[in-house]
Protein chains: 2
Amino acid sequence: MGNTVSIKDIARKFKCAPSTISRALNDHPMINIDTRKTIQEYANKIGYQKNTISLSLLNHCSKTLGVIIPSISHYHETAIIEGLEAILQPAGYLLNICVTNESHALEREYLDRLVANRVDAICISLSQETFDYSLNEHIDLAISRSLPIIFMDRFYHALDVDRVITDDFKGAFMATEHLIQMGCQRIAHLHGPRGITVSQQRFKGYEACLKKYGRNVEDELVKQVMFSPESAVEATKFLLDQKAKPDGIFAVNDEVCFGAMKVIQERNYKIPEDIALVGFDDIPLAAFAPIALSSVSRQSKKIGEQSAQLFLSKMNGISDHQQVTLEPELIIRESSQRNHYS
Amino acid sequence: MGNTVSIKDIARKFKCAPSTISRALNDHPMINIDTRKTIQEYANKIGYQKNTISLSLLNHCSKTLGVIIPSISHYHETAIIEGLEAILQPAGYLLNICVTNESHALEREYLDRLVANRVDAICISLSQETFDYSLNEHIDLAISRSLPIIFMDRFYHALDVDRVITDDFKGAFMATEHLIQMGCQRIAHLHGPRGITVSQQRFKGYEACLKKYGRNVEDELVKQVMFSPESAVEATKFLLDQKAKPDGIFAVNDEVCFGAMKVIQERNYKIPEDIALVGFDDIPLAAFAPIALSSVSRQSKKIGEQSAQLFLSKMNGISDHQQVTLEPELIIRESSQRNHYS
DNA sequence: GATTCAATTGCAAACGTTTGCGTAATTTTT
DNA sequence: AAAAATTACGCAAACGTTTGCAATTGAATC
């Protein structure tokens, strides 16, 4: 705090102007080579550290990226952050990470603070509340002051924004089709929280696939859950309590599958023989579930990487909006591998 | 970028000095109540946002905390971040989160950048490399410029630093003792990566407990793993290949237990009857493991909360170093619950 | 010896905000 | 009516750095 040394301090030491020190430290050819070296060595010795804040003020550029996410407790989100960091660290950027807990109020506040901090751009995954009530004035305001905003996963505009998403519809379609090919006749769906694009898209993919094979969505085979195993317990019990039980379940994510497995095994059904199971996200523990879990990978880390690259390309002057859609990948493991085909 | 409005712009609009605008916006009583309101309304209308950067420059305080962690892919680390955020968001702070991937070089670089960015303090969990080779000049340098540094989990100094840790030794002791009370005769340990305090402390707790009960650590019952289920597979096979197999395993963390369970079940041993299992961290999926997993909770979120509070207390002028040690808690589930006592 | 040129270095403004102090203008007190 | 007090605002410096331009120095040219 008190003992940070500035360029002025060094200037006093050398009895010269701050500008000379600045140029010397930046290896400006205008400064005599010898004085340059002397100054650099001295600065090094006393551990001088350039004050980036003054630079930010001067250059209108903070070399910092704001990240707003609803949660940080799932593999998907941490992988996104890892992806962002993998690209932006070498580029000299720091990350300001803000977790909204799905709260719109917090999202607004964080957005304001990031703007006040003059981050160079914001990567955001909208909160559920923002979604539910289409509360997007804060986003519009940020966009209107031409702050680059990159949407990840969840976005509210169809056009005119930058975004990186995975094709959840397609992923859900693939998962459902796989269950059909494994001979499942009654495929249930553990539906994610309402209002979130990701949940909706996965349901639509499930629906579309059933339709393609001449089947209909049966209301009693679709049950809503949160993104946690706990919430899946009750929902799975509900499904298993139906007169005509499902023989396949496509769940909105892998954590939910862990909850579902617990219930299925308690009731002594066999996975995948009695009930086949496919999740979403391909979390690291998926392969180590009670029965190794089939899952749709949405390349979470790549979402972060692509968002970062999209940001960098904007910094380089590419101004038209880009929309990147990543391909999901179905990873088949024991929980759905029946070895008999329909 | 271009269209951000400053206090000077507003001053021009009102044909007055910037200082008047500043005071008006800060509700300074020196300014006439009416002009104050007028200016505030105008600022509000055009969406004026105070430039925090200039304030940071002025006040030598950035309202930002640097966080350096080796990884972000486990529950423990994300919970720490949640804890930090829970306390620091209401206090008006933002988090600069840096993930080192256990690399010393990256840790150095991030530390430098955070210093250059004049964060108000740094919460750090040292990288494995920093640990292995005791490379701590960068830390010493940061401390020497009286930047508050708070160590989480891993630290290198015994004294004279601020730190928040969990009593890993005690947690490991509790876990081992629990296995002994469940009647285990040969208790193995899946040892974490060498050089990391957490691994060492947990081993020592295991060792001390065995000693207390008149047993010795047997080399062939201690196998080293990484913090992942994959790495546990081979290690567990090694343990099960011993002439005298273990009938209890204490593992360095829960992910490792998932890997171990896979192997144990493949070999048709029963958990907990043949082999009882206890992990560490109490991750959210622990209760949903193939056999609900007993685990030692180290109150990860609380580590973040306490670190944040320690930081705030330092900001309030408390200058002597504080060392907080949290109590671990043993959560007993099926994987170790044998219902028969020795 | 005066002039030009190149090589170094200093000056000052700029980024956006706050704040102590000075100064008008207005009101109150004597 | 003069003096004192109050109210409301402006000036300028400060935070740390960069950068265009001016200024100084010394050497080289005519």
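Just so it is clear, the values below take in all heavy atoms, side chains as well, and ignore hydrogens, waters and symmetry mates. Please read all numbers here as calculations on a predicted model, not as lab measurements. So you know, we letter chains A, B, ... as the sequences are listed, proteins then strands, and number each from 1.
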>> If you count every heavy atom of other residues, nucleotides or ligands that lies below 6.0 Å from Lys314(A) atom NZ, does the total exceed 12?
In response: yes

>> Please compare Cys16(B) and Ser54(B) by the position of their nearest nucleotide in DNA chain D and report the one closer to 5'.
In response: Cys16(B)

>> Taking any heavy-atom pair under 4.0 Å as a contact, classify Ser19(A): base, sugar-phosphate, or nothing.
In response: base

>> Expressed as a whole number of angstroms, how long is the span from Asn59(A):CG to dA13(C):C1'?
In response: 15 Å

> Taking everything shown except Lys63(A) itself, do over 12 heavy atoms lie less than 6.0 Å from its NZ?
Replying inline: yes

> Considering the options Ile150(A), Val164(A), Leu84(A), which one meets the side-chain contact (heavy atoms from CB on, under 4.5 Å) requirement together with Phe311(A)?
Replying inline: Ile150(A)

>> Checking contacts here: which listed nucleotide (dC11(C), dG10(D), dG16(C)) is nearest the side-chain heavy atoms of Ala17(B)?
In response: dG10(D)

> Rounded to the Å, how far apart are Leu57(A) CG and dA13(C) P?
Replying inline: 17 Å

> If you look at every strand shown and take non-hydrogen atoms under 4.0 Å, does Lys50(A) touch a base, only sugar-phosphate, or nothing?
Replying inline: sugar-phosphate

> For Tyr48(B), which contact category applies under a 4.0 Å heavy-atom criterion: base, sugar-phosphate, or nothing?
Replying inline: sugar-phosphate

> Could you give the NZ-to-P distance, from Lys15(B) to dC11(D), as a whole number of Å?
Replying inline: 15 Å

>> Taking side-chain hydrogen bond (donor to acceptor under 3.5 Å, both in side chains) as the criterion, tell me which of Glu109(B), Glu107(B), Arg108(B) meets it with His138(B).
In response: Glu107(B)

> Expressed in angstrom and rounded to an integer, what is the separation of Lys63(B) atom NZ from dT17(C) atom C1'?
Replying inline: 17 Å

>> Under 4.0 Å, counting only non-hydrogen atoms across every strand here, what does Leu55(B) touch: a base, just sugar-phosphate, or nothing?
In response: sugar-phosphate

> Which whole-number value in Å describes the distance from Ile7(A) CD1 to dT18(D) C1'?
Replying inline: 8 Å

> What's the CG-C1' distance between Asn117(A) and dC15(C), to the nearest Å?
Replying inline: 16 Å

> Any salt bridge between Arg12(A) and Asp9(A), counting N to O under 4.0 Å?
Replying inline: yes

>> Whether Lys8(A) contacts dA14(D) is assessed here as follows: a side-chain N or O lying under 4.0 Å from the phosphate OP1 or OP2. Is that the case?
In response: no

> Taking CD1 from Ile10(A) and P from dT18(D), how many angstroms apart are they, rounded to a whole number?
Replying inline: 11 Å

>> Could you go through Tyr93(B) and Thr64(B), starting from their C-alpha distance and side-chain angles, then the distance that decides it, and tell me whether this counts as side chain to side chain contact (heavy atoms under 4.5 Å, CB included)?
In response: CA-CA 5 Å; Tyr93(B) 285 89; Thr64(B) 299; 5.8 Å; no

>> Among residues 21-39 of chain B, which ones have heavy-atom contacts with DNA chain D below 4.0 Å?
In response: Arg23(B), Met30(B), Ile31(B), Asn32(B), Thr35(B)

> So does Thr20(A) get a side-chain nitrogen or oxygen closer than 4.0 Å to the phosphate oxygens (OP1/OP2) of dG10(C)?
Replying inline: yes

>> Distance check needed: dT18(D) C1' versus Leu58(A) CG, whole Å only.
In response: 5 Å

>> Less than 4.0 angstrom from a charged side-chain N to a carboxylate O is my criterion; do Asp153(B) and Arg163(B) meet it?
In response: no

